Visitor: 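Have a look at the structure that comes next, please.
Because the structure is a prediction, the values reported are computed rather than measured. Values below: every heavy atom of this structure, side chains too, minus hydrogens, waters and symmetry copies. Numbering of residues begins at 1 and proceeds along the displayed sequence.
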Amino acid sequence: MMNNIGLIIGREYLSRVKKKSFIIMTILGPLLFAGFIFIVGWSATKSIDTKVIHVIDESEVFAEVFDNSDEASYVLSRESLADEKKNLTSGDFDGLLYIPTLEIDNPKGVVFYAPNNPSINLVRSLQKQMNTEIEMIKLKRSGLDQSILDGLKSDLDISTISLSDSGDEKESSSFAASAVGYVGGFLIYMFIFIYGAMCMRGVVEEKTSRIIEVVISSVKPFNLMLGKVIGIAGVGLTQFLLWVLLTAGVTAAGGSIMTMTMMQSQQQQAEEMGIPQDETMQEVQSTAFDDVLGALESVDMGMVIIAFLFFFTSGYLFYGALFAAVGSAVDSDADTQQFMFPIIMPLILSIVLLSAVIQDPDGTLAFWLSMIPFTSPVIMMMRVPFGVEVWELALSMVLMVLGFLFTIWIASRIYRVGILMHGSKVNYKTLGKWIMMKG
């Protein structure tokens with residue numbers, strides 16, 4: 001029996017690993033990911049085109065308020081509103097801010113004209129600068145001094161410490177735990193969808209080609225189903241590990257280039273401001289790397305990696321069996337839609353509920369969702385970086401293994417009949433009969 005399963009696993013694994021599509025996607029995946037990271041980083045550092053804003057201030061209060069920045073340059077205009085509107089439409093400048101005579105206690109009537117919808121940041125900047133000036137006027141009128149109010153402000157920063165049962169203290173970071181958990185859970189979610197669908201399509205292709213009728217005559221349906229699901233899981237795990245290694249290499253090379261570019265930019269700004277270059281280099285390094293590494297050190301990455309590999313694999317095995325069962329019950333990909341929704345609904349629900357789990361990772365909802373095999377791969381991955389009791393993690397793993405064995409048994413019952421059925425319409429009642437059928 002084990003020999004047959006091993007042969008099936010080897011066949012499923014090698015037949016897919018040798019395909020050109022697997023090799024191409026294995027190479028393109030890291031490049032696409034690195035390109036995505038590069039575009040995000042480039043867009044964040046790219047200078048914004050400076051907008052020229054004309055200001056008509058009939059109140060004569062805000063003449064010296066607006067400060068030029070990389071986003072906008074302000075020009076005080078003495079022209080009439082009608083003339084400036086005509087100039088705006090001709091493209092002489094990018095925006096027109098009209099400020100009528102205002103009542104300081106009830107400022108209304110300010111209008112910003114632009115050829116197209118202005119950016120949210122620009123409008124907020126205008127509002128903030130005007131509101132600050134109005135507040136200053138009110139403070140002066142009330143006799144209060146701005147320096148007194150500034151002295152009343154406080155900037156409190158609360159550090160978080162995890163306290164173990166033995167009394168050991170360890171610095172923690174909720175942001176790092178949330179980021180690591182969310183990325184891990186989302187990767188598992190995507191892996192199940194991609195390779196579960198691959199498993200389903202593989203079964204449909206074998207069924208339509210009638211190859212499976214020869215194979216099933218010498219192999220039990222349960223063994224065939226188990227070998228197929230595990231073999232495709234090996235393909236996915238191999239591709240994922242290669243993606244990790246290649247992505248790490250590409251992003252490390254690209255990251256070093258981007259870091260040097262950012263440092264050179266910081267050095268140029270430091271020279272213009274008269275700040276020593278050594279001080280600038282130290283500041284960039286500490287802000288760019290030390291904070292990130294310090295946050296990640298607060299997370300038990302060893303436990304995270306172990307949990308990720310387990311739920312990464314077991315989650316696929318659990319759902320892969322169900323996807324294969326659907327593939328054996330239908331004759332084409334188009335017929336799979338009616339059976340797919342009940343299977344993928346728990347996965348979608350687990351992603352939707354991640355925000356609730358982040359709010360209370362040790363709560364009742366998070367606990368039960370991390371125990372139910374349909375949702376535990378994603379939810380438990382979200383909880384692990386926050387720190388989970390060993391017995392909870394062990395129980396979730398045991399339930400996951402039992403859930404996989406149950407789904408593979410259910411799937412094999414459907415598979416043994418459905419793989420030989422052609423041209424017949426299948427519904428949930430039919431699937432129930434196949435599961436209960438003896439022999």
Side-chain angles (χ1 to χ4, degrees), residues 2 5 9 162 164-165 177-196 199 222 225-241 244 299-325 343-351 353-354 356-358 360-412:
M2 292 302 297
I5 295 176
I9 293 173
S162 296
S164 65
D165 295 335
S178 300
V180 171
Y182 189 86
V183 170
F186 190 76
L187 285 176
I188 292 174
Y189 169 81
M190 291 299 297
F191 177 81
I192 291 173
F193 260 104
I194 293 172
Y195 292 98
C199 186
F222 181 86
M225 174 70 72
L226 185 63
K228 181 177 292 293
V229 172
I230 294 176
I232 296 177
V235 175
L237 194 59
T238 300
Q239 190 169 59
F240 177 78
L241 292 176
V244 170
V299 179
D300 188 351
M301 294 304 297
M303 182 65 72
V304 168
I305 293 173
I306 293 172
F308 178 80
L309 291 176
F310 176 83
F311 288 104
F312 186 84
T313 306
S314 63
Y316 161 76
L317 294 175
F318 180 87
Y319 277 97
L322 298 177
F323 277 101
I343 296 176
I344 66 176
M345 193 58 199
L347 270 178
I348 297 174
L349 182 64
S350 63
I351 290 293
L353 292 176
L354 278 181
V357 175
I358 292 175
D360 188 10
D362 294 322
T364 303
L365 177 65
F367 172 80
W368 287 110
L369 288 176
S370 62
M371 295 299 150
I372 300 173
F374 284 96
T375 56
S376 62
V378 175
I379 300 300
M380 182 55 85
M381 196 62 240
M382 184 74 253
R383 293 185 61 203
V384 168
F386 288 92
V388 178
E389 295 289 342
V390 175
W391 71 267
E392 291 186 24
L393 185 60
L395 178 60
S396 179
M397 290 180 170
V398 170
L399 292 175
M400 198 69 221
V401 172
L402 294 177
F404 159 64
L405 294 177
F406 178 74
T407 56
I408 201 73
W409 178 81
I410 290 291
S412 65

Visitor: Could you pull out all residues at least two apart from Tyr316 that satisfy ring-ring contact (aromatic ring centres under 6.0 Å, His included)?
Guide: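 Per chain and number, Tyr316 pairs via ring-ring contact (aromatic ring centres under 6.0 Å, His included) with Phe191.
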Visitor: Who are the side-chain contact (heavy atoms from CB on, under 4.5 Å) partners of Ile358, not counting sequence neighbours?
Guide: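 So Ile358 forms a side-chain contact (heavy atoms from CB on, under 4.5 Å) with Ser178, Met382.
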Visitor: For residues 398-406, please give each side-chain donor-acceptor pair under 3.5 Å, one per line with the distance, not counting sequence neighbours.
Guide:
none

Visitor: Got Ile379 and Leu354 here, is their nearest side-chain heavy-atom distance under 4.5 Å?
Guide: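 Yes, their side chains come closer than 4.5 Å.
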Visitor: Could you walk me through whether Phe374 and Phe318 satisfy the side chain to side chain contact (heavy atoms under 4.5 Å, CB included) test, starting with their C-alpha distance in whole Å, then the side-chain angles of each, then the deciding distance to 0.1 Å, before giving a yes or no?
Guide: CA-CA 8 Å; Phe374 284 96; Phe318 180 87; 3.6 Å; yes
Visitor: Just list the side-chain donor-acceptor pairs under 3.5 Å for residues 361-373, sequence neighbours left out, or say none.
Guide:
residue	atom	partner	partner atom	Å
Ser370	OG	Ala366	O	3.0
Ser370	OG	Phe367	O	2.6
Ser370	OG	Arg383	NH1	2.9

Visitor: Compare every heavy atom of Ser396 with every heavy atom of Ser376, then report the nearest pair and how far apart it is.
Guide: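 What the structure gives for the nearest pair is CB-OG, 3.9 Å.
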Visitor: To the nearest 0.5 Å, what is the distance between OG (Ser350) and CE (Met381)?
Guide: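 Spacing of OG (Ser350) from CE (Met381) equals 13.5 Å.
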Visitor: For Tyr319, check side chain to side chain donor-acceptor pair (under 3.5 Å) against everything at least two apart and list the hits.
Guide: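 None.
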Visitor: By side-chain contact (heavy atoms from CB on, under 4.5 Å), which residues pair with Ile230, not counting sequence neighbours?
Guide: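 Per chain and number, Ile230 pairs via side-chain contact (heavy atoms from CB on, under 4.5 Å) with Ile9, Leu226, Leu317.
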Visitor: Of all heavy-atom pairs between Ala321 and Ile408, which one has the smallest distance, and what is that distance?
Guide: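 Nearest heavy atoms, Ala321 then Ile408: CB-CD1, 3.7 Å.
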Visitor: Asp360: which residues meet the salt bridge (charged side-chain N to carboxylate O under 4.0 Å, His left out) condition with it, sequence neighbours left out?
Guide: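 So Asp360 forms no salt bridge (charged side-chain N to carboxylate O under 4.0 Å, His left out) with any residue.
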Visitor: Distance from Ile351 atom CD1 to Met190 atom CE, nearest 0.5 Å?
Guide: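 It comes to 9.5 Å.
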Visitor: Find the distance between CD1 (Ile344) and CZ (Phe193) and round it off to the nearest 0.5 Å.
Guide: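 That separation rounds to 4.5 Å.
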Visitor: Please tabulate, for the side chains in residues 301-312, all donor-acceptor contacts under 3.5 angstrom to protein atoms that are two or more places apart in sequence or on a different chain.
Guide:
none

